[in-house]
Every structure is written in structure tokens, then in C-alpha cells.
Chemist: 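Structure incoming, see below.
The structure presented is a predicted model; accordingly, all values stated were derived computationally and were not measured. Just so you know, ligand 1 is whichever comes first in the structure, and atom 1 is the first atom listed for that ligand. The chain is numbered in sequence order, starting from 1.
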Amino acid sequence: MTELDARLGALLQGRKVKGRFRSLKEYDTSSQSDLIDFSSNDYLSLTSSKALRKAYLARLASSPTIFGSTGSRLLSGGSQAHASLESRFATFFNSPSALLFNSGWDANVSFFATVPQPTDWVIYDELVHASVHSGLRSSRVPPERRLAFAHNDPEGLASVLRQITSAASSSDDRSTVFLALESLYSMDGDMSPLPALLDVMEKYVPRERQCVVLDEAHSTGVYGDKGTGVVHALGEEGGWAEGEAGRRGKGRVDIRLMTFGKAVGCAGAVLLCSPTVRSFLINFARPLIFSTALPHSTLIALECVWDILQSREGDQRRLSLFDISTYLHDLLADLLRSTPPGLLHLPPNPIVPFPDSLSPYLPPDPPTPILGLLTPTSHALSAFLLERGFIVRPVVPPTVPPGGERVRVCLRAGMAKSVIEGLVSALREWVELKTREEGVRAKL
Ligand SMILES: Cc1ncc(COP(=O)(O)O)c(C=O)c1O
């Protein structure tokens with residue numbers, strides 16, 4: 001073993017001792033397998049859609065170019081197909097412009113590493129995705145100007161904004177206050193109380209000094225008319241001058257990130273922004289400048305997915321997902337009422353429902369397809385569920401804050417209600433077993 005291997009091995013051993021060791025696991029989730037996958041982000045079950053498969057194969061067969069793009073967007077990798085997909089997205093999401101990235105990770109890192117300037121402030125929900133932190137770490141914004149606020153808490157945001165306005169110096173007069181949020185948080189499975197947070201921003205920061213950035217990774221394709229997302233459903237898309245690029249955006253969310261690796265069933269992402277931000281990223285975003293652009297096969301797949309999202313099949317898939325999500329939430333609420341919280345509980349997040357009248361496409365308390373079930377023994381619970389045929393992955397620190405160990409349950413539109421019932425009865429079995437074990441221990 002080399003000296004390096006020995007040192008790395010010791011560091012890995014440290015992770016094992018802390019119960020934080022990660023390894024790659026492959027499960028057979030094909031149609032021949034008996035395992036049921038509750039860990040996939042394929043919320044609309046599009047990766048197994050027969051209609052999508054047929055359309056994709058037909059389009060591949062008739063397309064002159066299907067392989068790699070052969071270069072960065074700035075060199076040989078830029079094609080008419082990339083530009084035309086961006087134009088489709090700009091129209092679909094009602095944005096003045098759109099810029100493709102190879103992943104949501106790349107898009108967040110690119111944006112947060114380059115767009116906020118040294119005299120700006122970046123305020124973020126404490127649970128925003130790791131990619132935002134990675135971007136900020138390589139940005140020129142000093143650490144003392146990057147501040148977290150308590151998850152989904154409008155009062156927490158107000159308190160941070162009061163703090164920065166009282167600390168403001170004269171050089172802050174022209175600084176921008178960035179606000180980084182997600183529409184649906186992937187670990188707790190709760191929606192952002194977006195209107196309430198935007199109201200707080202409006203109260204403390206003049207509109208021309210705000211830049212609200214919303215990551216819709218887990219809501220792309222799922223919420224809003226045809227899956228246009230939460231911001232579009234709330235009519236909050238904005239961030240550009242009236243008449244710019246021929247579109248109007250009166251809303252208060254300036255930048256949106258829509259990703260393609262989850263409900264869309266492909267890979268890549270699109271950042272929806274003003275033409276100026278788009279041009280800035282093309283000039284400064286290293287993951288975009290120095291990496292090969294999305295391959296043609298992916299562009300073709302995305303065109304086919306969007307045909308489905310915009311069709312009746314898309315609507316049906318969204319409705320099925322909401323239906324089973326509500327079903328699971330109800331069954332779980334019933335189980336958790338009689339479960340000691342120390343054994344299993346939902347994150348204690350306050351739910352701030354959307355005001356009723358906001359959108360026909362977004363109910364006040366929309367059902368979400370993600371559930372984080374907190375338990376101190378997430379690995380043991382995951383193994384127990386696997387023995388009963390359910391893939392439910394444990395999530396442990398540092399992916400979640402210490403004390404936030406959980407198993408994460410994700411639903412897919414194609415799941416039958418009987419499968420959901422099966423999972424809940426396995427959870428009930430585990431709760432009963434653990435409660436009995438605790439009872440025996442207490443008697444000893
Ligand atoms: C909220 C959020 N943003 C961004 C990303 C990164 O997206 P991608 O998987 O396309 O790199 C993820 C992926 O897990 C995510 O959950």
C-alpha cells in the first residue's frame with residue numbers, strides 16, 4: 001500500500017467509526033425484480049413510459065446527429081439543437097432567456113461562483129443544496145456576507161435582513177441581496193412558503209437590489225400547469241425589464257433552476273434568467289466554458305419528454321402522483337399518531353400553506369412525493385425494509401444536519417396504492433418490534 005493509500009484509508013476508517021461511510025450499492029430495479037424502489041427521483045415514472053421510449057427511439061432513428069456534441073458550447077459543442085431547446089424552454093417557462101447546463105450541480109456552482117460580487121450579500125435557507133455552498137465557496141463573496149436563515153422561516157429571514165440592513169455601509173447602497181431557496185426541499189420533503197418569503201424580501205430590500213434564485217430541481221415537471229413549476233404557478237416569474245425579450249415578468253423570482261435528472265428522467269438542467277445574466281455566465285462560468293456540452297441523444301430525449309409533459313399523459317401522471325402522495329401522507333399520519341417520536345417522526349417543520357386563491361395549479365397545501373422519516377437508526381430501518389422488498393435509503397450527516405438521520409421515501413406516479421400500503425405495513429411492523437424491544441429493555 002502506498003503512503004497515500006494508508007493515509008486515505010485512515011480517513012475512511014474515521015468515517016466508518018462515525019457511521020458516515022458511503023459506498024455504491026446497486027439494486028435490481030428492473031421490471032423482473034421483486035424489489036420496489038422508494039429511493040428514485042423518477043417522480044413521474046417517465047423512465048418506464050412506453051410512449052416516451054417509442055417516441056425517443058423513433059426520433060433517434062431519424063436524427064442525423066445522435067452522439068456527443070464534441071466540444072464546449074463555446075467551441076464545436078454549440079449547435080442549432082441546443083439553441084432551439086433553450087428557446088422552447090424560454091417559452092414554456094415564460095422566461096426571457098434560458099441557458100442549458102450539463103447538470104443542476106453545474107448550474108448552481110456556475111451561478112453562485114460567478115454572479116454575486118464581493119460587495120453583495122447572499123442569504124440562503126439553511127437546507128439549500130450542497131451545490132449552492134460549493135459555488136459560494138469559490139465565489140468572491142466574503143464568508144461574512146453569506147448568511148443562512150432558519151429553514152422555511154419567514155421570521156428567520158426577516159431577522160437576517162434586519163441584521164444586514166443595520167450593518168450596511170455606504171458601499172452597500174448598490175449591493176444586491178441574493179436569496180437562495182428551493183421550491184421543494186429534497187430531504188424534508190416540504191414546500192417553501194415562497195409568497196411569505198418574497199413578502200419579507202419586499203419589506204426589507206428595494207426590488208432593484210434583490211435577486212431571488214429558486215431551485216426547482218424537485219418540482220420541475222411536477223407542479224404547475226404542464227409541470228412549469230412552482231414559480232410559474234404562482235405567477236412569480238420576473239427579473240427582467242418590461243418588454244425585454246418580448247416577454248413580461250411581473251413576479252419577484254429572478255432566476256429559476258429547472259433540472260432534468262429527476263421527474264424529467266434524463267440529465268442536465270436549464271437556468272432561466274435575463275439575457276444579461278445568461279451572457280455573463282457564458283463569459284465566466286467555468287463548468288460551462290470548459291466542459292463538453294450535452295450530447296445530442298440527451299437533447300432528443302428532452303424534446304420527447306417535453307412533448308409528453310405538455311400532453312394529457314403528463315397531466316395524468318401528475319394527478320396520479322398527487323393522489324398516491326396524499327394517500328401515503330394519510331396512512332403515515334395514522335401510523336405516527338401511535339408511534340413514539342423517538343422511534344420515527346416527520347421533520348418538525350412548520351407548514352406555511354400557500355394562500356388559497358393564488359393558483360389553480362397549486363393547492364394551498366400541495367401533496368409532496370418526498371417524505372423524510374426521522375429515526376436515530378436509519379441504517380437498521382433501511383435494512384429491515386429491504387428484507388421486505390422495499391428500497392428506502394438511509395440519509396445521515398453530513399448530507400443532513402447532525403440529529404437529522406432519516407430514511408427518505410420518494411414516490412413515483414406509476415406506483416399502485418397496494419405498494420404504498422405494503423410499505424406502511426412494513427413500517428408498522430418495525431415500530432411494533434422496536435416498541436416491544438424497548439419494553440423488554442425497560443423491564444430489565
Ligand atoms: C435541490 C437540488 N439542486 C440541484 C441538484 C443537482 O442537480 P443534478 O442532479 O442535475 O446535478 C440536486 C440534485 O440532487 C438537488 O436536489
Side-chain angles (χ1 to χ4, degrees), residues 22 24 37 39-44 46-47 85 89 93 98-113 115 122 124-138 148 151-152 178-192 194 197 212-223 227 229-231 253 255-273 281 285-288 291-295 298-299 301-302 305 347 349 368-372 393-396 398-401 404 406 408-412:
R22 293 179 169 124
L24 301 179
D37 190 1
S39 71
S40 156
N41 296 316
D42 182 18
Y43 304 122
L44 295 177
L46 279 176
T47 61
L85 193 58
F89 288 146
F93 290 113
L99 183 60
L100 287 170
F101 283 87
N102 291 352
S103 68
W105 177 277
D106 278 3
N108 263 340
V109 168
S110 295
F111 183 86
F112 286 100
V115 177
V122 182
Y124 54 89
D125 185 291
E126 63 181 342
L127 295 190
V128 286
H129 193 255
S131 47
V132 172
H133 294 285
S134 275
L136 285 175
R137 264 184 229 138
S138 45
H151 175 56
N152 270 358
F178 289 80
L179 178 64
L181 306 169
E182 290 175 25
S183 47
L184 169 58
Y185 287 85
S186 61
M187 291 298 147
D188 285 18
D190 53 350
M191 304 283 288
S192 162
L194 189 59
L197 295 173
V212 178
V213 186
L214 194 88
D215 181 335
E216 297 227 36
H218 293 271
S219 50
T220 307
V222 175
Y223 295 97
V230 170
V231 171
V253 176
I255 312 284
R256 281 171 284 163
L257 171 65
M258 317 306 285
T259 69
F260 309 145
K262 304 182 195 298
V264 172
C266 298
V270 65
L271 202 81
L272 305 167
C273 54
L281 289 166
R286 298 170 72 84
L288 183 103
S291 185
T292 303
L294 283 175
T298 300
L299 303 182
L302 288 168
V305 167
N349 303 327
T368 75
I370 309 172
L371 268 153
R393 303 286 183 109
V395 190
V396 296
T399 305
V400 286
R406 68 196 64 196
R408 180 170 175 264
V409 175
C410 295
L411 299 180
R412 287 173 288 127

Chemist: Aromatic ring centroids of Phe89 and Phe260 under 6.0 Å?
Modeler: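 Ring centroids of Phe89 and Phe260 are less than 6.0 Å from each other.
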Chemist: Need the ligand 1 atom indices (1-based, order shown) with element for anything under 4.0 Å from a heavy-atom of Ala217.
Modeler: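 Here the atoms of ligand 1 in question are 1 (C), 2 (C), 3 (N), 15 (C).
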Chemist: Considering only protein heavy atoms, which is closest to atom 5 (C) of ligand 1, and at what distance to one decimal place?
Modeler: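 Heavy-atom neighbour on the protein nearest atom 5 (C) of ligand 1: His129 CE1, 3.5 Å.
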Chemist: Quick check: do Leu197 and Ser192 have side-chain heavy atoms less than 4.5 Å from each other?
Modeler: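 Leu197 reaches Ser192 side chain to side chain.
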Chemist: Would you say ligand 1 has an N or O under 3.5 Å from any N or O of Gly104?
Modeler: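 Yes - when backbone and side-chain N and O of Gly104 are compared with those of ligand 1, one distance drops under 3.5 Å.
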Chemist: Give, for atom CG of Leu281 and atom CG of Asp106, the distance between the pair rounded to the nearest 0.5 Å.
Modeler: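 Output value for this atom pair is 11.5 Å.
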Chemist: Considering only protein heavy atoms, which is closest to atom 4 (C) of ligand 1, and at what distance to one decimal place?
Modeler: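 Sorting protein heavy atoms by distance from atom 4 (C) of ligand 1 puts Asp215 OD2, 3.5 Å first.
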Chemist: In the protein, what heavy atom is nearest to atom 11 (O) of ligand 1, and what distance, to one decimal place, separates them?
Modeler: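 Atom 11 (O) of ligand 1 sits closest to the protein heavy atom Trp105 N, 2.9 Å.
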Chemist: Can you name the atoms of ligand 1, numbered from 1 with element, that are less than 4.0 Å from a heavy atom of Glu182?
Modeler: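 Every atom of ligand 1 under 4.0 Å from some heavy atom of Glu182: 1 (C).
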Chemist: How many angstroms lie between CG in Leu136 and OH in Tyr124, if you round to the nearest 0.5 Å?
Modeler: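 Leu136 atom CG to Tyr124 atom OH measures 7.0 Å (nearest 0.5 Å).
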Chemist: Please list the nearest protein heavy atom to atom 16 (O) of ligand 1 with its residue and the distance rounded to 0.1 Å.
Modeler: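 Looking at atom 16 (O) of ligand 1, the protein heavy atom closest to it is His218 NE2, 2.8 Å.
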Chemist: Does any N or O atom in Ser131 lie less than 3.5 angstrom from one in ligand 1, N or O only?
Modeler: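 There is no such contact.
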Chemist: Any nitrogen or oxygen of Lys262 lying under 3.5 Å from a nitrogen or oxygen in ligand 1? Just yes or no.
Modeler: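 Yes, Lys262 has an N/O under 3.5 Å of an N/O on ligand 1.
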Chemist: Answer with side chain, backbone, both or neither: which part of Ser103 has a heavy atom less than 4.0 angstrom from an atom of ligand 1?
Modeler: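 For Ser103, the contact with ligand 1 is made by both the backbone and the side chain.
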Chemist: Have a look at Asn41 and tell me which of Cys410, Pro369, Ser186 forms a side chain to side chain contact (heavy atoms under 4.5 Å, CB included) with it.
Modeler: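 Going through the options one by one, the only one that passes is Cys410.
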Chemist: So, the side chain of Thr368 versus the backbone of Gly189: is there a donor-acceptor pair under 3.5 Å, distance only?
Modeler: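 Checked: pair present.
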Chemist: Taking only Lys NZ, Arg NE, NH1 and NH2, and the carboxylate oxygens of Asp or Glu, determine whether Asp37 and Arg412 approach each other closer than 4.0 Å.
Modeler: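 So Asp37 does not pair with Arg412 through a salt bridge.
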